[in-house]
Amino acid sequence: MTPLVDLRQVSVTFGTSQGPILAVSAVDLAIRPGEIVGIAGESGSGKTTLCRAIMGALPDEARLSGEIWFAGTRISGRPVAEIRRLWGREIAMVLQNPMTALDPLYPIGSQIDEMIGVRFGAAALPGRALEILRSVHLTAPELRLRQYPHQLSGGMRQRVLIGMASATRAKLLLADEPTTALDATIQEEILVLFREIRDRSGTAIVIVTHDLGVIRRVCERVIVMYGGRVVEDGPTEAVFTAPRHPYTRALLESLPRIEGEEIVLQAIDGQVPDPSELGDFCPFSPRCRLAREACLAKFPGETRVTGAHRVFCWAAEQPP
Amino acid sequence: MNAGTVTPAAEQALPRRRRLGRWRPLQSPGLPLLATATCAVLVAAAVLGPWISPYAKDSVDLANAIAPPAWQPDGTAAHLLGTDQLGRDVLSRLIAGARISLAAAAAATLLGGSIGVAVGVVAGYIGGLADAVAMRISDAFLAVPFILLALAVVAVLGSGFGNIILVIVVTNWPRYARLVRSEVIGIKHRDFVTLARIAGVPPARIMLRHILPNTLNSVTVLGILDVGRAIILESSLSFLGVGIQPPDVSWGLMLADGRTLLGFAWWLTTLPGVVIVAAVMSFNTLGYWLKARLDPRAGA
Amino acid sequence: MISSAEPALEPMVRVDGLSKSFPVRGRGLLARAAEVLAVEDVSFTINAGSTFGLVGESGSGKSTIARILLKLEIPSAGRVLVEGRDIFRQTKSEEKAYRRLVQAVLQDPYGALSPRMRVRSIVAEPLAAQGESRGAIDAAVPRLLEAVGLPSQLGPSYPHQFSGGQRQRIAIARALSVEPRLLVLDEPVSALDVSIRAQVLALLRDMQQRMGLTYLFIGHDLAVVNYLSARVGVLYFGRVVEIGDSNDVLRRPLHPYTRRLVAIAAMREPLGRNRLQGELPDPRNRPSGCHFRTRCPLATDICAEERPPLHPFRARRLVACHHAERAEEADVPPIAAVPG
């Protein structure tokens, strides 16, 4: 099956006054239609830059190398105007802050209508906006149409945005930290929405987040990034129950988690690497208990654990 | 509004691609450099005035009256920028004027700024009644038309250097007060202020140590822009005859003096005019450049 | 059976019937200013040397409680007793002493450090405010930095040179400078990278054991809060809905809201099994009786008529629910997808 999104040896470098900074290094990634994928990483992992690269929204000072293909067509290297035409049609986005993504001056209903009009041409069918609000389980949807963004809570606004995103019938929905500002109980609702959208329309969903709990709950596949590299990529359950990369393992162990009746955690020493200090070696090696010479000399190649599960670690040849 | 789900607000948050032909004058080094150089020259002229001036500012030389600038056919090298109807050297008078105009602008800005910042910090931090009163008072001052106030002060106190500064200070301090107050309202809720309160630091010390230093960026920018404004105000007053009085020299005064001779001695008004424009534009450019550098959100 | 296995000593902190309301501008020109009750009749105790965790989501009032304990806000009703004394009836010298007794670590490591001050001035500020001598301060700063795992020579540096986790350590060093006995920790790790959180939590736990500190740990993440806490209280919409030993609450949560939080945190159930319908109520339009009834699967008439008191239910457990004994029934079956 042709992947929906295909990244081939994608690297992103930022030119700064202190010299080039490697944000993303040599990433090979394919996302299938209808997949719900999580990209997990902390600050400096490159996950947000990767998301921006897929959207075609890198800043001026970024240099992209490698190729990005979407639905069988190459989009990297295309003029910005062309890529932007994909927005709202093929690719929809839900960004981190639901506070700022809606125009505060217009009621919700008119913003939805306008989006529909632009996307589908001609005037929206009356009641379409209402349908969209219902599809995201907003309480009192008729009232919400007339309300302004500031009258809705963060969770409600996020639902409106997700509704608008899914109404575009886009093939790919990118969500950058969609639940970060929300309470746990509301988060759950948003995650259920994502699942429903995929089940209903076959939209592929990519969730970029540092919150492993979110990924575990809704994503079928997880891609773990560290220091600009993909270090592990596989089915969520497999990666979370039997992680093969030392970083994934350490990360999971460092989360306070409920084990039986206790809360346990195990801290990782050291810091997240500074982006200016990255290169062709494993970025996790300074903090890794299993580090050896090879790790400092060259970034590991791909090791296939199973057909769908791959890891990039010199120590991964032997199971733990 | 928008296309698709990316609303204008969201699009602002996304990094922008370069559009061809978008002119960003403040990001190339040329313009700010020129502005800085001009300001430096003017300040140097003001400071070193008496020593670099070819002539005294009021040395009369009727034999050479109304001489055009040196590059004109009738000009002489002895008076690079020509002379006025009394034979006084224009260049020397411009230099002397720089001293007065810049000194007035600097003094008015520093004084007005100090008063305004003090009021703004206290009003913003304490809030409540003190804030409301301070803001109403500053509104009142802002509402007074400058010229009216200037004329009133001159009528009561007479004209002259000190009174010019007084007039400018009275009309510019509220701008600092308002700017600083709104910044302080944002700063005082930040955690480092909260933690200082938790540590038992007294309010006065909090204002001095934590609040004030964090407003300095915007105050400095406003100050530099204010210098340009003060130059214009002082020049206007002097032009109208209610500002700097002879035998002191000011660019505005030179404009007034040369006005009647505009037809055949264009340099007497044009040169001071050019200098005023150059001074104001240089300070303004410097101010905006500084603002762009200091304020990450204002970016070009 | 109600066991009174409480320690015989007076707890270090006793919060009694605490309420706090804020005025909110009314709509329209002539509308009366409304009042929003952020904290309603909250009571709990903290024993010396232990950690009390306060779990709540947005609108729960947890940060307001922290601010009241730090004397940044004045309660509308109720008392706060620290070491037996009412903190809102203090003399000037008692207030100064209180600023030595209680310190705080807040959520935002980037906002917590004054950008134009050197680290040594930041860390020493509470000591300076207490009037300590220059010599004592200069000696204390390197020691404090080491105590939080930072190199002792970092004094002359500026905050912008440090990462989030390091800044939070500096903030902790500063809090420790006056040798407080009570630390109010308001979401101290929420803004940190996931792999750094564990480091800071481990540091806090270590400090508590070494120095016998008492903590009030406030957060929204049940697992994080429970990690450090001996006892935990759950807040919803300004009221306490449950209090108990933290492991016990995890093992057997009784209030329907707590059950949701635990189920989500423990990830025991697949997506969609722990749904909580509806939204937080409008603070200006508080539901009668039990606040939670608008989202509670067990709600009945009595829930709308009578506010459930926080009453002892089992050993060392307090719950505010009319139907606590039906706790297990509160788990919700998956909702069928709404068509369209």
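Lettering of chains follows the sequences in order, A, B, ..., and the numbering in each one begins at 1. All of these numbers come straight from a predicted model, not from anything done at the bench.
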Participant: For a side-chain hydrogen bond (donor to acceptor under 3.5 Å, both in side chains) check, start with the C-alpha distance between B:Glu183 and B:Thr215, then their side-chain angles and the critical distance, and finish with the verdict.
Facilitator: CA-CA 7 Å; B:Glu183 288 226 349; B:Thr215 63; 5.7 Å; no
Participant: Are the side chains of C:Val189 and C:Gln168 in touch, meaning some heavy atoms are under 4.5 Å apart?
Facilitator: no
Participant: Given the rule in the side-chain contact (heavy atoms from CB on, under 4.5 Å) test, do C:Tyr215 and C:Ile46 qualify, once you have shown the distances and angles that lead to the verdict?
Facilitator: CA-CA 8 Å; C:Tyr215 289 164; C:Ile46 311 180; over 6 Å; no
Participant: Quick one: do C:Arg174 and C:Gln103 satisfy side-chain hydrogen bond (donor to acceptor under 3.5 Å, both in side chains)? Show the steps, please.
Facilitator: CA-CA 9 Å; C:Arg174 173 211 167 97; C:Gln103 283 295 315; 5.2 Å; no
Participant: Should C:Ser63 and C:Asp186 be marked as a side-chain hydrogen bond (donor to acceptor under 3.5 Å, both in side chains) after you check the CA-CA gap, both sets of side-chain angles, and the distance that decides it?
Facilitator: CA-CA 7 Å; C:Ser63 287; C:Asp186 189 352; 3.2 Å; yes
Participant: So, using side chain to side chain contact (heavy atoms under 4.5 Å, CB included) as the criterion, who are the partners of C:Ser58 when residues are at least two apart?
Facilitator: A:Asp183
Participant: Side chain, backbone, both or neither: which part of C:Val102 has an atom under 4.5 Å from a heavy atom of chain B?
Facilitator: backbone
Participant: Do any of residues 98-120 of chain B have a heavy atom less than 4.5 Å from a heavy atom of chain C, and if so, which, in residue order?
Facilitator: none
Participant: Would you call B:Asp139-B:Arg178 a salt bridge at under 4.0 Å N-O?
Facilitator: yes
Participant: Which one, C:Ala175, C:Pro126, C:Ser121, C:Ala171, leads in non-hydrogen pairs under 4.5 Å with chain B?
Facilitator: C:Pro126
Participant: Which residues, numbered in order, of residues 193-212 of chain B come under 4.5 angstrom of chain C by heavy-atom distance?
Facilitator: B:Thr194, B:Leu195, B:Ala196, B:Arg197, B:Ile198, B:Ala199, B:Gly200, B:Val201, B:Arg209, B:His210
Participant: With only heavy atoms counted, which part of C:Gln107 is less than 4.5 Å from chain B, the side chain, the backbone, both or neither?
Facilitator: backbone
Participant: Report which part of C:Leu113 has an atom under 4.5 Å of a heavy atom belonging to chain B: side chain, backbone, both, or neither.
Facilitator: backbone
Participant: Measure across C:Ile137 and C:Glu132 and return the closest heavy-atom pair with its distance rounded to 0.1 Å.
Facilitator: CD1-O, 3.9 Å
Participant: Minimum heavy-atom separation for C:Leu182 to C:Met12, with atom names?
Facilitator: CB-CE, 4.1 Å
Participant: Got a sec, which residues hit ring pair (Phe, Tyr, Trp, His ring centres under 6.0 Å) with C:Tyr110, two or more places apart in sequence or on another chain?
Facilitator: none
Participant: Taking all atoms of both residues into account, what is the closest heavy-atom pair of B:Val219 and B:Tyr176, and its distance?
Facilitator: O-CE2, 4.2 Å
